[in-house]
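Whatever order the structure lists them in is the order used to number ligands and atoms, beginning at 1. Note that the coordinates shown come from a computational prediction; the quantities given were computed from them, not determined experimentally.
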Amino acid sequence: MAAAARINCSSVQNTLFFLNPLHYSLNSKATHLRTRLHFRRNIPSPSRRAVFCSTATTNDATRQVNEAVSEPFVLTTPLYYVNAPPHMGSAYTTIAGDAIARFQRLLGKKVIFVTGTDEHGEKIAAAAAAAGSSPKEHCDVVSQAYKKLWKDLDIAYDKFIRTTDPKHEAIVKEFYSRVHASGDIYRADYEGLYCVNCEEYKDEKELLDNNCCPTHLKPCVPRKEDNYFFALSKYQNKLEETLTSDFVKPSFRLNEVQSWIKSGVRDFSISRASVDWGIPVPNDSKQTIYVWFDALLGYISALSEDTEELNLQTAVSSGWPATLHLIGKDILRFHAVYWPAMLMSAGLDLPKMVFGHGFLTKDGMKMGKSLGNTIEPNDLVGKFGPDAVRYFFLREVEFGSDGDYSEDRFISIVNAHLANTIGNLLNRTLGLLKKNCQSTLVIDSSIAAEGTTFKDSVEKLVEKARVHYENLSLSSACEAVLEIGNAGNSYMDERAPWSLFKQGGAAAEAAAKDLVIILETMRIIAIALSPVSPGLCWRIYAQLGFSKDHFDASTWSETKWGGLKGGQVMAQPKPVFARIENQTEAENGVESAKKVVKRKEKSPQAQRTVEA
Ligand SMILES: Nc1ncnc2c1ncn2[C@@H]1O[C@H](COP(=O)(O)OP(=O)(O)OP(=O)(O)O)[C@@H](O)[C@H]1O
């Protein structure tokens with residue numbers, strides 16, 4: 001390998017990180033991608049009513065897959081490798097998937113949200129041995145840790161597949177036999193450099209010094225094996241035809257995939273002679289099926305119902321093809337190249353879209369289990385709660401790009417957006433309503449807003465949020481909802497209902513209407529933000545006097561203005577999101593309090609801090 005093509009492992013840590021290098025030949029430098037960071041309801045599907053009519057533009061990323069309302073929206077996260085417990089990176093994909101799933105349920109779609117754990121392979125066997133347990137015991141423990149984290153993060157998945165489930169094994173074997181029958185599996189010797197952490201043979205020219213894997217910064221080891229191969233090269237032309245801008249998102253990742261394919265795809269080995277912890281190859285018990293060939297099939301085996309006859313056909317008829325595979329960009333090649341070719345070989349439909357999001361990074365490097373540079377999600381959830389964690393990562397990291405975590409930034413964002421813009425607006429409005437109207441709405445919100453342009457502005461912002469959700473622009477969707485909150489705060493400040501109440505008579509009547517308008521705005525925010533922070537949104541809904549059943553059955557169509565009716569009794573004001581104090585703020589607390597009092601004397605805006 002030319003020295004110029006080599007990159008020093010340690011210098012890369014602070015400067016660049018790379019996509020997993022390709023197994024087959026490609027121009028690695030041209031395809032390496034580094035996007036700099038700019039910083040930045042467990043509801044069963046059938047309970048939602050199919051009442052939403054999509055008016056999405058032709059650019060909407062999911063429009064084509066939303067057209068047939070009767071088709072389920074099948075969304076998958078990667079099946080996470082149980083070599084170690086989950087970290088914030090694994091949580092990130094799952095939170096994003098959950099927000100998309102919740103949004104689709106709000107639209108009235110039947111959603112099948114699939115997640116799970118990938119449990120076979122050399123790395124798992126090694127991790128189990130290091131922990132002094134059997135592979136199965138190890139997988140049981142780590143898989144459980146994923147389930148627990150998803151519960152703590154309010155992840156409402158529909159299917160959780162473990163690749164050690166017997167039903168999965170049966171489906172993998174049947175699929176393997178189909179591919180074999182298509183003439184796409186042959187036996188050959190293979191010699192190359194293997195990254196155990198990627199569970200993948202590497203092309204030497206993509207490696208760093210000392211044959212280091214650029215993702216895991218550990219040397220790859222020479223391996224020689226007699227393996228079964230999948231004839232990927234047969235699918236070169238079909239892959240070129242298939243991989244369009246509808247299939248791979250964001251669009252810049254499509255370019256990456258297309259350039260891999262144009263550089264020529266090579267057959268890859270789909271069995272291991274040296275790995276015991278795996279599904280045996282049919283008719284050759286000396287080899288196990290390659291962990292990636294096995295794991296990708298989890299997306300199909302997850303769909304099979306326990307009550308059904310167990311085979312590939314019944315699993316496929318339960319929802320395949322997937323509407324959307326949500327993955328990190330590290331595993332794009334497996335999903336956008338290997339997987340479609342495997343499905344073509346088995347005569348099955350391809351998923352409709354693969355979305356490769358960016359990395360959460362720490363000091364510029366991908367956060368990962370193998371590198372051990374992870375943020376512990378359980379700590380974050382324990383400290384700040386699921387709503388804040390979900391909101392921060394979806395709002396702060398543009399979906400598709402990379403993002404770094406900083407606690408100061410976290411606290412400042414969730415305090416400003418969730419505690420102040422949303423929580424404080426609700427709390428002070430309910431406080432005024434309690435003081436002046438016995439916590440009861442005086443009029444329907446539709447009548448209260450007659451003759452104002454405010455309602456139209458809110459409806460426009462809601463529509464903006466919807467389009468962003470449809471396009472998987474989750475950060476922009478959060479931003480549009482926050483704009484509704486900002487509009488509500490401005491309305492409150494301009495109208496100053498607290499002083500209108502003091503004037504009495506017609507002014508007080510107008511103030512009572514203003515409160516209805518703000519509370520209607522809060523109701524709309526609670527639906528529009530519920531895919532992102534469902535717990536917080538339920539607390540808002542509860543404060544508005546609604547039941548949990550009502551909240552759980554709500555649909556996107558209810559973001560239309562006019563849901564609150566005169567006579568509805570609101571709950572007692574109670575903060576829905578507790579402001580997080582960080583150390584610096586605590587130290588400056590006395591000073592800040594003094595400033596707030598001074599501002600109150602000067603500006604009408606300051607009223608909002610103290611009025612409620
Ligand atoms: N730093 C990260 N940022 C965003 N997503 C991540 C990150 N790390 C993992 N993921 C998610 O998990 C998937 C990979 O799952 P895996 O179980 O292999 O985790 P990993 O921590 O990357 O493992 P390893 O470090 O051993 O390669 C990614 O495709 C992505 O969906």
Side-chain angles (χ1 to χ4, degrees), residues 17-21 33-35 37 75-98 100 114-127 130 139 142-143 145-146 149-150 153 155 161-163 195-200 202 212-218 220 253 291-292 294-296 298-299 324-336 338-339 354-377 380 389 392-394 396-405 472 474:
F17 70 79
F18 293 84
L19 287 173
N20 270 355
L33 182 75
R34 180 187 188 226
T35 312
L37 167 70
L75 165 65
T76 67
T77 72
L79 306 187
Y80 302 105
Y81 215 41
V82 292
N83 56 322
H87 57 87
M88 200 52 234
S90 357
Y92 177 63
T93 317
T94 314
I95 291 170
D98 189 59
I100 295 165
V114 174
T115 188
T117 44
D118 175 7
E119 306 191 357
H120 288 129
E122 186 173 348
K123 197 157 68 158
I124 306 299
C139 293
V142 181
S143 176
Y146 276 89
L149 178 62
W150 300 159
L153 275 167
I155 305 294
I161 184 74
R162 296 182 57 184
T163 59
C195 173
V196 180
N197 287 305
C198 292
E199 293 278 18
E200 185 182 26
K202 298 289 183 184
C212 272
C213 162
T215 304
H216 297 102
L217 304 182
K218 300 222 169 80
C220 298
R253 299 223 189 283
V291 63
W292 267 107
D294 157 357
L296 288 162
Y299 299 139
L324 172 63
H325 286 321
L326 208 58
I327 55 165
K329 63 186 179 181
D330 50 335
I331 52 177
L332 187 60
R333 183 161 35 109
F334 294 103
H335 287 79
Y338 290 9
W339 182 223
V354 175
F355 187 100
H357 65 68
F359 287 153
L360 299 188
T361 57
K362 204 154 170 218
D363 304 323
M365 289 296 295
K366 175 195 176 234
M367 186 188 298
K369 295 189 289 267
S370 298
L371 278 182
N373 59 345
T374 53
I375 291 172
E376 177 38 79
L380 282 189
V389 173
F392 175 77
F393 286 101
L394 296 185
E396 191 64 359
V397 184
E398 195 186 320
F399 203 49
S401 302
D402 297 343
D404 224 47
Y405 170 79
L472 311 182
L474 301 175

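A 4.5 Å side-chain heavy-atom check between Leu79 and Thr117 finds every atom pair outside the cut-off. Residues Thr215 and Asn197 form no side-chain contact, since every pair of their non-hydrogen atoms from C-beta on lies 4.5 Å or further apart. Within the 4.5 Å cutoff, the side chain of Phe359 has no heavy atoms near those of the Met367 side chain. By the 4.5 Å heavy-atom criterion applied to side chains, Met88 and Pro377 are counted as neighbours. Considering only heavy atoms from C-beta on, Val291 stays 4.5 Å or farther from Lys123 through its side chain.
Nearest to atom 27 (O) of ligand 1 among the protein's heavy atoms is His216 NE2, 2.6 Å. For atom 29 (O) of ligand 1, the nearest protein heavy atom (residue, atom name, distance) is Asp330 OD1, 2.8 Å. If you check which protein heavy atom lies closest to atom 18 (O) of ligand 1, you get Tyr81 CB, 4.0 Å. Given atom 22 (O) of ligand 1, the protein heavy atom at minimum distance is Lys366 NZ, 2.3 Å. When hydrogens are left out, the protein atom nearest atom 16 (P) of ligand 1 is Lys369 NZ, 3.3 Å; that is the closest non-hydrogen contact. The protein non-hydrogen atom at the shortest distance from atom 11 (C) of ligand 1 is Thr93 OG1, 3.4 Å. The protein atom (non-hydrogen) at minimum distance from atom 7 (C) of ligand 1 is Gly89 CA, 3.5 Å. Atom 24 (P) of ligand 1 has as its closest protein heavy atom Ser370 OG, 3.3 Å.
Listed by atom number, the atoms of ligand 1 under 4.0 Å from His87 heavy atoms are 7 (C), 8 (N), 9 (C), 20 (P), 21 (O). Atoms of ligand 1 lying under 4.0 Å from any heavy atom of Gly328, numbered from 1 in the order shown and given with element: 28 (C), 29 (O), 30 (C), 31 (O). Near His357, meaning under 4.0 Å from one of its heavy atoms, ligand 1 places the atoms 4 (C), 5 (N), 31 (O). Using a 4.0 Å cut-off to heavy atoms of Gly368, the atoms of ligand 1 that qualify are 21 (O), 25 (O). Close approach of ligand 1 to Ile331 (heavy-atom distance below 4.0 Å) involves ligand atoms 29 (O). Residue contact check: Tyr80 has heavy atoms under 4.0 Å from atoms 12 (O), 15 (O), 17 (O) of ligand 1. Short contacts between ligand 1 and Gly358, defined as distances under 4.0 Å to a heavy atom of the residue, involve ligand atoms 4 (C).
If you look at Tyr405 and Phe393, their ring centroids are closer than 6.0 Å.
Proximity of a side-chain donor or acceptor of Thr163 to a complementary backbone N or O of Glu119 within less than 3.5 Å is detected. Not a single donor-acceptor pair under 3.5 Å links the side chain of Asp404 to the backbone N or O of Leu360.
Side-chain contact annotation: Tyr146 with Thr94, donor-acceptor N/O pair under 3.5 Å absent.
An N or O contact shorter than 3.5 Å links Met367 to ligand 1 by distance.
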Evaluate Ile331 against Trp292 for side-chain contact (heavy atoms from CB on, under 4.5 Å), listing each step before the verdict. CA-CA 10 Å; Ile331 52 177; Trp292 267 107; 3.5 Å; yes
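When non-hydrogen atoms are compared, ligand 1 lies under 4.0 Å from the backbone of Leu360 as well as from its side chain. Only side-chain heavy atoms of Asn83 come within less than 4.0 Å of ligand 1; its backbone N, CA, C and O stay farther off. Of the heavy atoms in Lys123, only side-chain atoms (C-beta onward) come closer than 4.0 Å to ligand 1.
The aromatic rings of His357 and Tyr92 sit perpendicular to each other, their planes meeting at more than 60°, with 30° as the lower class boundary.
Residue Lys202 forms a side-chain contact (heavy atoms from CB on, under 4.5 Å) with just one option from Pro214, Cys220, Cys212, and that option is Cys220.
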